[in-house]
Amino acid sequence: MCGRFVLIQVGELMVRFMVIAPYPGGHRQDPGPLPAMFSEPRYNIAPTQKVLTVNFQNGERSIRPMRWGLIPSWAKNGQKLPLNINARDDRLATAGSWRGPLRNGRCLIPADGYYEWTGPKNNRKPVFIHRKDGRLFAFAGLYDTWRHPFSGELTRSCAIVTTSPNSLLRPVHHRMPVILEEEAEAVWLDPSITHVGSLLALIQPYPDEYMEAYPVGNAVNRVAADGPALLAPAPEQPFLTEK
DNA sequence: CCAGACGTTGTT
DNA sequence: GTCTGG
DNA sequence: CCAGACGTTGTT
DNA sequence: GTCTGG
């Protein structure tokens, strides 16, 4: 994981994350109009694009768009940094880019599924991975806020935590994104929790019995491609083994 | 002490 | 081959 | 993650 | 900002 994902049920965000899963002392909040790019479902969200996140802001959950690809708060203007779209779980507590966000910048990144590419480098095939029941879920995310040195403009950006794959995905890839169970979502978002061990304990491979994976066509390879057709199962492969 | 890094994935 | 852009 | 670029001078 | 390497 994970350089593409899907966010179809945009309209379910409020219900799923603000109402069904309330938190102590919190209340429902109107997220206001969503960014234009989320006025329609998205089937191919790529790094550097805006993603919708859920985080804690002024004592309540809030839905915010952020850039996918974390820019640390300490980055100098113009400094070249890696595209931080994934954060390895075993590096969260120590790596400079993650340590601060693990304490103060935890978020959820809602999605309906994601793509993983599998196979040899010159013949990689995209696979779509999702919940069997099709429900919205949330990746464990980290975010940071970067301040433009002159304009003062704030840029919020995020990364998806990765861990070892479950048994379903092990044949597909050697990493998988961290998907939180609903009880874990509230803990991950709770800003009062700063004990690193309590946070890392939430990070587990999502149970494979809830998930399903199937090959899709290579149209998703192009970042500009979008739409439900990307989720169509890949057509049967013709017999190529015999020359 | 200062200078420089600060990341991940995938690798026939 | 390696970096950048989306 | 994959696709696509990868560059400069001089300027109607 | 904070850690690591020298």
Side-chain angles (χ1 to χ4, degrees), chain A residues 1-7 35-38 40 42-52 65-105 109 111-130 139-149 154-165 169-179 194 196 203 205 213 215-227 230-231 234:
Chain A
M1 165 59 182
C2 158
R4 305 296 173 81
F5 67 91
V6 159
L7 182 53
M37 68 186 304
F38 289 102
E40 296 294 331
R42 292 293 310 280
Y43 296 84
N44 194 8
I45 301 175
T48 72
Q49 294 181 341
K50 293 245 182 199
V51 300
L52 294 182
M66 294 189 191
R67 180 191 125 110
W68 182 21
L70 185 144
I71 302 167
S73 57
W74 41 257
K76 307 267 188 295
N77 198 22
Q79 181 179 7
K80 276 289 179 197
L81 284 170
L83 186 57
N84 291 316
I85 62 175
N86 294 147
R88 289 184 59 98
D89 58 346
D90 54 346
R91 300 268 298 137
L92 297 189
T94 49
S97 293
W98 312 136
R99 186 195 314 253
L102 180 64
R103 275 189 71 91
N104 314 310
I109 302 173
D112 299 296
Y114 67 98
Y115 304 99
E116 200 80 83
W117 278 260
T118 194
K121 192 165 77 173
N122 54 5
N123 192 24
R124 313 197 64 202
K125 295 283 198 288
V127 171
F128 182 61
I129 296 137
H130 65 114
F139 296 126
L142 297 175
Y143 74 92
D144 208 342
T145 306
W146 183 79
R147 184 182 183 280
H148 189 102
L154 299 180
T155 300
R156 290 187 185 83
S157 57
C158 62
I160 295 171
V161 179
T162 66
T163 190
S164 307
L169 296 173
R170 186 160 292 112
V172 175
H173 210 67
H174 71 131
R175 304 292 295 169
M176 72 175 287
V178 173
I179 297 170
T194 54
V196 168
I203 292 171
V216 294
N218 63 8
V220 69
N221 290 5
R222 285 182 307 110
V223 166
D226 203 349
L230 297 181
L231 300 186

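Residue numbering restarts at 1 for every chain, and letters A, B, ... go by the order of the sequence lines. Being a predicted model, the structure only gives us computed values, none of them experimental.
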- Message: Check this one for me: any side-chain N or O of A/Lys80 less than 4.0 Å away from OP1 or OP2 of B/dA5?
- Response: no
- Task: Round to the nearest Å and state the distance from A/Phe139 atom CZ to D/dC1 atom C1'.
- Result: 12 Å
- Of the nucleotides B/dT11, B/dT8, D/dA3, which one has an atom closest to the side chain of A/Ala87? B/dT8
- Message: Distance check, P atoms only: C/dT4 and B/dC6, in whole angstrom units.
- Response: 16 Å
- Message: Using whole Å, what does the distance between atom P of nucleotide C/dG5 and atom CG of A/Leu81 come to?
- Response: 14 Å
- Message: Under the criterion side-chain hydrogen bond (donor to acceptor under 3.5 Å, both in side chains), I'd like the reasoning laid out for A/Thr162 against A/Arg88: C-alpha separation, chi angles, the key distance, then a yes or no.
- Response: CA-CA 5 Å; A/Thr162 66; A/Arg88 289 184 59 98; 5.9 Å; no
- Message: Measure CG/A/Leu83 against C1'/D/dC1 and give the value in whole Å, please.
- Response: 9 Å
- Note on the structure: Side-chain contact check for A/Arg175: nearest option of B/dT9, C/dG6, D/dA3 is B/dT9
- Looking at C/dT4, C/dG6, B/dG7, which one has an atom nearest to any side-chain atom of A/Val223? C/dG6
- Task: Respond yes when some side-chain nitrogen or oxygen of A/Arg99 is under 4.0 Å from OP1 or OP2 of B/dC6, and no when none is.
- Result: no
- Message: Under a plain distance cut-off of 3.5 Å, with no hydrogens placed, do A/Trp117 and A/Asn221 share a side-chain donor-acceptor pair?
- Response: yes
- Task: Name the nucleic acid region contacted by A/Arg88, choosing base, sugar-phosphate or nothing; use a 4.0 angstrom heavy-atom cut-off, strictly under.
- Result: sugar-phosphate
- Item | Geometric class of the A/Phe128/A/His130 ring pair [parallel <30°, tilted 30-60°, perpendicular >60°] | parallel
- Counting any heavy atom closer than 4.0 Å, what does A/Pro47 reach on the DNA or RNA strands: base, sugar-phosphate only, or nothing? base
- What's the CG-C1' distance between A/Asn122 and D/dC2, to the nearest Å? 14 Å
- Task: Measure from CD on A/Glu116 to P on D/dC1 and round the result to the nearest Å.
- Result: 8 Å
- Message: Base, sugar-phosphate or nothing for A/Leu70? Non-hydrogen atoms, less than 4.0 Å.
- Response: nothing
- With sequence neighbours excluded, residues passing salt bridge (charged side-chain N to carboxylate O under 4.0 Å, His left out) with A/Arg67: none
- Specify the separation, in whole Å, of atom CG of A/Asp90 and atom P of B/dG7. 12 Å
- Message: In whole Å, I'd like the distance from the CG atom of A/Leu92 to the C1' atom of B/dT8.
- Response: 13 Å
- Message: For a quick check of understanding: with a heavy-atom distance under 4.0 Å over all strands, which category does A/Thr162 fall into, base, sugar-phosphate or nothing?
- Response: sugar-phosphate
- Message: Rounding to an integer number of angstrom, what distance separates B/dT9 and D/dC1 when you compare their C1' atoms?
- Response: 9 Å
- Quick note, A/Ile85 side chain, CB onward, closest among D/dC1, B/dT9, B/dG7 is D/dC1
- Query: Given B/dG7, B/dC6, B/dT9, which nucleotide is nearest the side-chain atoms of A/Trp74?
  - Reply: B/dC6
- Item | Minimum-distance nucleotide to A/Arg4 side chain [options: D/dC2, E/dG1, B/dT11] | D/dC2
- Consecutive-pair stems (3 or more, Watson-Crick or G-U, under 3.5 Å) for DNA chain B: B:1-6 with E:1-6
- With rounding to whole Å, what would you report as the distance between D/dG7 and C/dT2 at their P atoms? 15 Å
- Task: Please check if atom CZ in A/Arg222 has more than 12 non-hydrogen atoms from other residues, nucleotides or ligands closer than 6.0 Å.
- Result: no
- Item | Whether A/Arg147 side chain and A/Leu154 backbone form a donor-acceptor pair below 3.5 Å | no
- Task: Using the C1' atom on both, measure C/dG6 against B/dG4 and round to a whole Å.
- Result: 30 Å
- The residue, A/Ala224 or A/Lys121, whose nearest nucleotide of DNA chain C is more 5′ is A/Lys121
- Task: For B/dT11 and D/dC2, measure between their P atoms and round to the nearest Å.
- Result: 9 Å
- Is there a side-chain contact between A/Leu7 and A/Tyr43, using heavy atoms and a 4.5 Å cut-off? no
- Query: Taking A/Trp98 for the side chain and A/Arg91 for the main chain, is one N or O donor matched with an acceptor at less than 3.5 Å?
  - Reply: no
- Task: Taking only the side-chain nitrogens and oxygens of A/Trp98, find out if one of them lies under 4.0 Å from OP1 or OP2 of B/dT8.
- Result: yes
- Task: Looking only at side-chain atoms of A/Asn221, point me to the closest of C/dG6, B/dT8, D/dA3.
- Result: D/dA3
- Between A/Asp112 and A/Arg42, is the closest basic N to carboxylate O distance under 4.0 Å? no
- Query: Taking CD from A/Gln79 and C1' from B/dA3, how many angstroms apart are they, rounded to a whole number?
  - Reply: 13 Å
- Message: Taking any heavy-atom pair under 4.0 Å as a contact, classify A/Gly119: base, sugar-phosphate, or nothing.
- Response: sugar-phosphate
- Just call it for A/Lys50: base, sugar-phosphate, or nothing, with non-hydrogen atoms closer than 4.0 Å on any strand. nothing
- Remember a base hit wins even if backbone is also touched, and classify A/Ser97 as base, sugar-phosphate or nothing at under 4.0 Å, heavy atoms. sugar-phosphate
- Query: Heavy atoms, side chains only, cut-off 4.5 Å: are A/Phe5 and A/Ile129 in contact?
  - Reply: no
